[in-house]
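In what follows, a structure is listed as structure tokens, so that the remarks can point back to it.
Note that the numbering runs from 1 along the sequence shown for the chain. Whatever order the structure lists them in is the order used to number ligands and atoms, beginning at 1. Everything quoted here is computed from the prediction, not taken from an experiment.
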Amino acid sequence: MQNKKRTPLDTQQSHLWIIGGGIAGMAAAAFAIRDAKVPAKNIHILEELDISGGSMDGGHTPHAAQAWVTRGGRMLTDETYLCLWDLFSSIPSLENPDISVREECREFNEKLKTHANARLIDAEHVIADAAKLGLNTLHRAQMLRLLASKEEKIGSRRIDEFFDEAF
Ligand SMILES: Cc1cc2nc3c(=O)[nH]c(=O)nc-3n(C[C@H](O)[C@H](O)[C@H](O)COP(=O)(O)OP(=O)(O)OC[C@H]3O[C@@H](n4cnc5c(N)ncnc54)[C@H](O)[C@@H]3O)c2cc1C
């Protein structure tokens, strides 16, 4: 096999085009800046929606104009999300730039111990009993059908294409 000599990529001159402005796209951009030294101005994130953030709550939080909320903080424990922690360890906290977002999350977790007793609560903050949600046999079948459907089949179909009005 011929051993072709490769010209090393000049990352300072490289442009990176990322499709999708969800956390994966934004993380790819941050890693490219931090680890590959691609200039931030050379990174272009193409997002088809008018709000970035993808499945996160994007764009407009009450506290900051450009911030995104990742829900599910109860699961942000030390044992999980190694890649995310690595990323956050080099991103300064908005509130205290002397510490990283990683440290900020750790401090928060230390202070406010997770104590989750329910996945579903009602408007009065009372734990909802799934058996009393009013789901009938058809709804259960519709849920099973959705669970068993392949991602390609689901595509961009809306929830009302899988469940009836009552659901
Ligand atoms: C209801 C719900 C609850 C969740 N709960 C949790 C949780 O508790 N904990 C947890 O860790 N995770 C949770 N997740 C999962 C987590 O939100 C996702 O795994 C994560 O946000 C996915 O990020 P992503 O960047 O890969 O994709 P996405 O967030 O889907 O972003 C993809 C982006 O690409 C854009 N895009 C797609 N195609 C194109 C195109 N052709 N051109 C331009 N733009 C395009 C989309 O508009 C979108 O903005 C939850 C997800 C949902 C939906």
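Atoms of ligand 1 found under 4.0 Å from any heavy atom of Leu46, numbered from 1 in the order shown, are 43 (C), 44 (N). Below 4.0 Å from some heavy atom of Ser55 lie the following atoms of ligand 1, by number and element: 17 (O), 21 (O), 28 (P), 29 (O), 30 (O). Taking every non-hydrogen atom of Leu49 and a distance limit under 4.0 Å, the qualifying atoms of ligand 1 come out as 47 (O). The distance from ligand 1 to the heavy atoms of Tyr81 drops below 4.0 Å at these ligand atoms: 10 (C), 11 (O).
Proximity of Leu87 to Arg102: side-chain heavy atoms (C-beta onward) are nowhere separated by under 4.5 Å. Two residues are said to be in side-chain contact when any heavy atoms from C-beta on lie closer than 4.5 Å; Glu107 and Ile99 meet this criterion.
Remark: Ile33 CD1 to Thr11 OG1 distance equals 12.0 Å, nearest 0.5 Å.
By the 30° and 60° cut-offs, the orientation of the rings of Phe88 relative to Trp85 is perpendicular.
Counting only distance, with no hydrogens or angles, the side chain of Glu47 and the backbone of Gly21 share a donor-acceptor pair below 3.5 Å.
Comparing Glu48, Met26, Glu47 by heavy-atom distance to atom 35 (C) of ligand 1, the nearest is Glu47. In the candidate list Ala28, Ala24, Gly53, Ala24 is nearest to atom 26 (O) of ligand 1, counting heavy atoms.
Environment of CD in Glu95: sparse, with no more than 12 heavy atoms of neighbouring residues, nucleotides or ligands closer than 6.0 Å.
Checked against a 3.5 angstrom limit, the closest N/O atoms of Ile23 and ligand 1 fall inside it.
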